[in-house]
Amino acid sequence: MSRYDPAITEARWQKAWDAAGAFTARRDETRQKYYVLEMFPYPSGRIHMGHVRNYTMGDVVARYKSSCGFSVLHPMGWDAFGMPAENAAMERGGHPKEWTYGNIAVMRDQMKPLGLSIDWSREFATCDPEYYGQQQSMFIDFMEKGLVYRKNAVVNWDPIDMTVLANEQVIDGKGWRSGAVVERRELTQWFFRISDFAGELLEALDGLNDWPEKVRLMQANWIGKSRGLQFAFDTLGAPEGFDRLEVYTTRPDTLMGASFAAISPDHPLAKALETGDAKVAEFVAECRRIGTSEEALEKAEKKGLDTGIRVRHPFDPEWELPVYIANFILMDYGTGAIFGCPAHDQRDFDFATKYSLPIPPVFVAEGAEEAALTEAFVPMKSERVRFVRGFAGGQVQTGEEAVNAAIEACEARGVGRGVTNYRLRDWGISRQRYWGCPIPVVHCADCGVVAEKKENLPVRLPDDVTFDKPGNPLDRHPTWAATACPSCGKPARRETDTMDTFVDSSWYYARFTSPRAATPTDAADVDYWMNVDQYIGGIEHAILHLLYSRFFARAMQICGHLPEKAIEPFNALFTQGMVTHETYATRGADGRPVWQLPEDVVREDAGARLKDGTPVEVGPSIKMSKSKKNVVDPMDIITRYGADTARWFVMSDSPPERDVEWTASGADATHKHLSRVWRLAHEVTTRGAGNPAQDEALLKAMHKTIAEVTAGIEGFAFNKAVAKLYEFTNTFSKSDASAEAKRVAMLTMAQLMSPMVPHLAEDIWSMLGGAGLVAQAPWPKADPAMLVEDTVTLPIQINGKRRAEIVVPKDMPPAEVEKIALADDAVIKFLAGQPVKKLIVVPGRIVNVVV
RNA sequence: GCCCGAGUGGCGGAAUGGUAGACGCAGCGGAUUCAAAAUCCGCCACCGCAAGGUAUGUCGGUUCGAGUCCGACCUCGGGCACCA
């Protein structure tokens with residue numbers, strides 16, 4: 001055979017790995033463990049390029065670490081609950097369970113040919129009753145530890161379909177199917193007390209040194225610690241029970257610039273006014289049509305309604321401020337009520353301008369005079385400003401100093417108290433949907449809300465459900481909810497809400513350490529395998545999934561399911577970029593976009609069309625997603641060229657943290673390169689003696705490549721590792737070194753390539769007589785003696801511009817380098833006799849002559 | 001709107017504050033071939049005949065020296081708590 005045939009070869013090596021049990025993770029106390037995990041996939045139907053990229057990256061790390069002698073755990077599972085399964089059932093009939101397990105079977109079959117070094121014996125899906133039953137058991141533990149509670153919270157309500165909508169299902173304020181204007185509606189829901197951990201989750205970020213700085217920053221901002229003043233206004237003309245209005249402000253130093261107070265439409269006072277005042281009721285109803293997302297709220301036009309109620313300024317009983325209901329005040333942050341200082345907050349400024357309220361400045365720029373404002377003056381808190389209506393601290397101070405002084409001054413006068421607030425809200429986990437983990441509690445008329453007994457777990461989802469009408473099938477199931485109260489035994493009703501799918505993904509990493517255990521985790525296994533040493537996933541999970549997992553690990557530790565060391569479950573995090581693709585859409589009858597698959601679109605110079613000629617709108621290249629249909633099927637590449645080509649391709653070129661735009665070109669070239677390497681290896685077996693005088697040069701290049709590829713893999717710069725391997729391929733190809741040197745060099749190259757293209761590497765390894773499997777061979781080490789160069793080429797700059805270069809011995813003293821540089825013909829020419837003002841010699845780097 | 005990123009040849013990208021464009025793709029030229037495929041060799045930022053000049057989204061700044069550091073802006077992307 002003189003050609004590389006992946007179709008045969010890849011299957012053969014996969015069998016060989018299986019036979020050797022190469023990827024079965026074993027608790028081996030004699031070896032250091034390494035747990036590498038990629039964020040597990042949602043079984044959407046077929047694998048896409050993002051999966052190939054993600055899992056190949058993890059595989060490179062897993063195979064590399066294994067070669068370095070670690071006992072590696074590299075598992076795979078399925079994040080299998082969620083809305084799309086129910087949507088599919090509604091659209092196409094069938095059952096979410098069949099749809100989900102069918103997708104899993106397809107995707108598993110697609111992933112296996114990739115040759116990933118996964119321990120498939122640990123596979124599970126979060127919709128397996130064995131998994132969600134353990135989750136229910138932990139929910140009950142959390143209840144016992146006071147980590148769970150119920151309260152009212154708002155949801156998007158579709159008044160036509162009579163169902164709760166996810167934010168994604170609300171488009172321009174309307175339900176995606178019914179088109180009805182969506183309302184905010186309150187429901188009693190289950191919450192995890194993540195906000196109790198706000199301070200700890202924030203502080204512990206400092207210890208996550210192997211997380212990207214940007215993720216830590218995003219999480220810190222999300223948690224949003226602030227120091228401020230909470231105080232109460234006395235009200236005038238408010239309904240009974242609302243004599244005082246509690247507000248929270250992070251800028252108490254601007255209290256003398258207050259011009260109004262504002263409350264959230266969801267504030268109890270707004271609700272009290274709503275019943276007796278048609279205008280308030282109408283305005284509040286309008287506010288409730290904005291939807292529940294913070295984005296929608298912030299983007300909506302800022303509006304308010306004067307309630308007629310007034311509050312007294314705490315420092316001046318004669319000074320009255322109007323109380324507005326304003327659509328931009330969040331009930332979930334602070335007290336749901338604020339005072340507005342338009343001079344120093346742009347949003348308040350716009351509001352005051354709109355409703356003709358006064359705009360008294362509190363401070364001006366240092367050295368400036370008080371003047372009418374055309375926009376809010378909002379300096380950095382660290383900037384010094386001159387207070388013209390201050391009441392605390394010196395006249396000139398920074399915002400920060402003023403805030404602290406104001407809190408002290410207010411506390412001294414008995415106006416409120418300094419409090420630390422967090423933006424982080426408790427985690428609402430109730431979903432009014434079928435395809436999720438049932439919340440294991442029972443509602444009893446006598447006993448109230450009671451946890452299910454653990455021996456009755458799992459509370460299984462019923463199979464006989466229908467999706468022909470909107471709403472929660474569990475709610476309308478004739479018998480499922482009927483049960484006996486675990487406490488008194490009387491007839492009672494099950495909770496019909498299921499859990500947020502983020503719960504499922506908040507502990508799967510721990511379950512992988514003992515996936516069949518009869519308890520959520522097994523002490524010996526979590527102790528050996530935790531933490532995840534390297535976690536890899538999309539940047540889109542930077543906040544929610546990762547924060548929830550950090551919370552969950554703490555909660556599990558409290559309940560005895562994780563050791564203390566695992567409260568930060570991910571030692572190192574790598575956020576890969578996304579695979580993006582252009583989007584294609586035609587227009588539906590209602591004018592809404594109808595997304596089209598790339599494979600159905602014919603791209604033309606002027607635009608794009610469907611195969612039947614329908615014009616297609618081409619949208620920007622964005623994250624591949626099922627909902628936008630801008631997905632490309634990697635299986636085409638695998639069947640045509642083999643898995644190694646797909647793997648090498650996604651590791652080349654783009655740095656892993658950067659988004660990569662998928663284009664069809666390039667796969668062919670990748671395949672050519674791999675064939676070339678194989679051919680070069682094959683030639684080694686047939687060539688003549690060669691020229692031993694060239695051996696050293698080839699082996700030096702080999703050791704340099706070992707160092708560079710190792711550094712590339714360690715540093716998650718796979719694209720650079722690949723580039724260095726290309727370079728070495730060229731060097732190898734041109735070298736006429738001896739047969740033995742070439743054999744050694746090629747064996748090493750196969751090893752260095754093996755994390756990326758394991759099948760090809762095995763083939764070359766066995767062809768050249770390598771011992772055993774390359775997958776189990778120890779990683780090569782670069783010989784430092786072979787990396788040393790004797791001379792160095794120094795560029796010479798004149799006034800920062802490169803004009804010449806000199807070759808000097810590596811360790812030449814700077815004084816001698818200076819002499820040689822100044823004696824250089826090109827340098828003399830460019831200096832043209834001008835005196836040298838300064839001469840900078842950076843040893844081994846550069847010479848700069850300043851004239 | 002708020003928080004976080006990214007922007008370098010025709011394209012993907014490389015570059016501890018030290019020769020901008022490694023490596024790859026595409027393109028061009030050549031060898032081989034009856035011809036092709038495959039393979040191999042060479043060229044390849046822009047302007048300029050050249051000397052040389054201009055170039056890392058834009059505008060400023062720090063520095064002997066800036067793609068890299070600082071400030072402002074522009075564009076694109078991610079997240080915004082019920083998409084996963």
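This one's a predicted model, so the numbers in the text were calculated from it and none came from an experiment. Below, chain A is the first sequence line, B the second, and so on; all start at residue 1.
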| So, A:Glu495 versus A:Trp190: side-chain donor-acceptor pair below 3.5 Å or not? | yes
| message | Please report the distance separating the P of B:G24 from the corresponding atom of B:C44, rounded so that it comes out in whole Å. | response | 14 Å
| field | Between B:C25 and B:G9 - C1' atom distance, rounded Å | value | 13 Å
| note | Comparing nearest nucleotides in RNA chain B, the 5'-proximal residue of the pair A:Pro795, A:Ser652 is A:Ser652
| task | Check every strand shown and say whether A:Lys837 touches a base, only sugar-phosphate, or nothing at a heavy-atom separation below 4.0 Å. | result | nothing
| said: Heavy atoms only, 4.0 Å cut-off, all strands: where does A:Lys672 land among base, sugar-phosphate and nothing? | reply: sugar-phosphate
| Separation between the C1' atoms of B:C40 and B:A50, rounded to whole Å | 35 Å
| request: Please report, rounded to the nearest Å, how far the C1' atom of B:A38 is from the NE2 atom of A:His682. | output: 16 Å
| message | Run the side-chain contact (heavy atoms from CB on, under 4.5 Å) test on A:Thr292 and A:Val155 for me, step by step, so that the C-alpha distance in whole Å, both residues' side-chain angles and the decisive distance to 0.1 Å come before the verdict. | response | CA-CA 7 Å; A:Thr292 58; A:Val155 293; 5.6 Å; no
| query | Among all residues two or more places apart in sequence or in another chain, which pass the ring-ring contact (aromatic ring centres under 6.0 Å, His included) test with A:Trp78? | reply | none
| request: Can you tell me, in whole Å, how much space there is between the C1' of B:A14 and that of B:C23? | output: 8 Å
| request: Round to the nearest Å and state the distance from A:Asp350 atom CG to B:C2 atom C1'. | output: 15 Å
| remark: Of the candidates B:A6, B:U19, B:A38, the side chain of A:Arg802 sits closest to B:U19
| Separation of atom CG in A:Leu680 from atom C1' in B:A38, rounded to whole Å | 14 Å
| query | Would one find a side-chain N or O of A:Lys838 under 4.0 angstrom from OP1 or OP2 of B:C64? | reply | yes
| query | Looking only at side chains, do A:Gln189 and A:Arg431 share a donor and an acceptor under 3.5 Å apart? | reply | no
| request: May I ask you to evaluate whether A:Arg803 reaches the phosphate of B:G52, defined as a side-chain N or O under 4.0 Å from OP1 or OP2? | output: no
| field | Candidate nucleotides B:G42, B:G53, B:C23, ranked by approach to the side chain of A:Lys734 - the nearest | value | B:G42
Donor-acceptor contacts, no H, no angles, side chain residues 295-303 of chain A, under 3.5 Å, sequence neighbours left out:
unit_1	atom_1	unit_2	atom_2	d
A:Glu295	OE2	A:Lys299	NZ	2.8
A:Glu301	OE2	A:Lys354	NZ	2.6
A:Lys302	NZ	A:Glu298	O	2.6
A:Lys302	NZ	A:Ala300	O	3.2
A:Lys303	NZ	A:Glu286	OE2	2.9

| field | Touch class at under 4.0 angstrom, heavy-atom based, for A:Asn799 against every strand present | value | nothing
| task | Answer with base, sugar-phosphate or nothing: what part of the nucleic acid does A:Ala542 contact at a heavy-atom distance below 4.0 Å? | result | nothing
| request: Taking only heavy atoms on the protein side, list every residue of residues 843-851 of chain A lying under 4.0 Å from any atom of RNA chain B, sorted numerically. | output: A:Arg845, A:Ile846, A:Asn848, A:Val850
| query | Got a sec, which residues hit ring-ring contact (aromatic ring centres under 6.0 Å, His included) with A:Tyr548, two or more places apart in sequence or on another chain? | reply | A:Trp427, A:Phe502
| request: For B:A26 versus B:G10, give the span between their C1' atoms, rounded off to a whole number of Å. | output: 8 Å
| task | With C1' as the reference atom in both, quote the distance from B:C74 to B:U54 in angstrom, rounded to an integer. | result | 23 Å
| Distance between the C1' atoms of B:A55 and B:G1, in whole angstroms? | 37 Å
| said: Using a 4.0 Å heavy-atom cut-off, does A:Lys801 contact any base of the nucleic acid, only the sugar-phosphate backbone, or nothing at all? | reply: sugar-phosphate
| field | Value in whole Å for how far the C1' atom of B:A22 lies from OH of A:Tyr726 | value | 14 Å
| query | What stem regions, each of at least 3 consecutive Watson-Crick or G-U pairs below 3.5 Å, can be found for RNA chain B? | reply | B:1-7 with B:74-80, B:10-12 with B:23-25, B:27-31 with B:39-43, B:45-47 with B:52-54, B:57-61 with B:69-73
| query | So which nucleotide from B:G52, B:G5, B:G13 ends up closest to the side chain of A:Lys829? | reply | B:G52
| Atom pair distance, as rounded to whole Å: CD in A:Gln797 and P in B:G17 | 16 Å
| task | Sugar-phosphate atoms are those with a prime plus P, OP1 and OP2; base atoms are the rest. Using that split, label each nucleotide of nucleotides 79-84 of chain B B, S or - for protein heavy atoms under 4.0 Å, 5' to 3'. | result | SBBBSB
| message | Please determine whether a side-chain nitrogen of the Lys or Arg among A:Asp497 and A:Arg433 lies less than 4.0 Å from a carboxylate oxygen of the Asp or Glu. | response | no
| Within less than 4.0 Å of OP1 or OP2 of B:G12, is there a side-chain N or O belonging to A:Ser654? | no
| task | Look at the side chain of A:Leu217 and decide which nucleotide, out of B:C4, B:U19, B:G13, has an atom nearest to it. | result | B:C4
| query | Hey, are A:Asn421 and A:Ser226 close enough side-chain-wise for a donor-acceptor pair under 3.5 Å? | reply | no
| Is the NZ or CZ atom of A:Arg193 both under 6.0 Å from the centre of the six-membered ring of A:Tyr149 and within 45° of that ring's axis? | yes
| message | Check for me whether A:Arg184 meets the cation-pi criterion with A:Trp157, that is, NZ or CZ under 6.0 Å from the six-membered ring centre and within 45 degrees of the ring axis. | response | no
| request: For the residue pair A:Asn167 and A:Ser293, confirm or rule out a side-chain donor-acceptor distance under 3.5 Å. | output: no
| request: Check every strand shown and say whether A:Asn719 touches a base, only sugar-phosphate, or nothing at a heavy-atom separation below 4.0 Å. | output: sugar-phosphate
| Should the pair A:Glu683-A:Arg676 be classified as a salt bridge under the 4.0 Å nitrogen-to-oxygen rule? | no
| query | How should the glycosidic conformation of B:G9 be described, syn or anti, under the criterion that syn lies within 90° of 0? | reply | syn
| message | What is the separation between atom CD on A:Gln576 and atom C1' on B:G78, rounded to the nearest whole Å? | response | 13 Å
| query | Distance between the C1' atoms of B:G57 and B:G77, in whole angstroms? | reply | 15 Å
| message | Tell me whether A:Arg216 forms a cation-pi arrangement with A:Trp211, defined as NZ or CZ under 6.0 Å from the six-membered ring centre and within 45 degrees of its axis. | response | no
| said: Heavy atoms only, 4.0 Å cut-off, all strands: where does A:Phe830 land among base, sugar-phosphate and nothing? | reply: sugar-phosphate
| field | Between A:Glu91 and A:Asn87, a side-chain donor and acceptor under 3.5 Å | value | no
| A:Phe716 and A:Phe718: aromatic ring centres closer than 6.0 Å? | yes
| note | When rounded to whole Å, the CD to P distance for the pair A:Glu708 and B:U16 reads 13 Å
| request: Starting at atom CG of A:Asp659, determine the distance to atom C1' of B:C4, rounded to an integer number of angstrom. | output: 13 Å
| query | Quick one: on RNA chain B, does A:Pro655 or A:Asn221 contact a more 5' nucleotide (nearest heavy atom)? | reply | A:Asn221
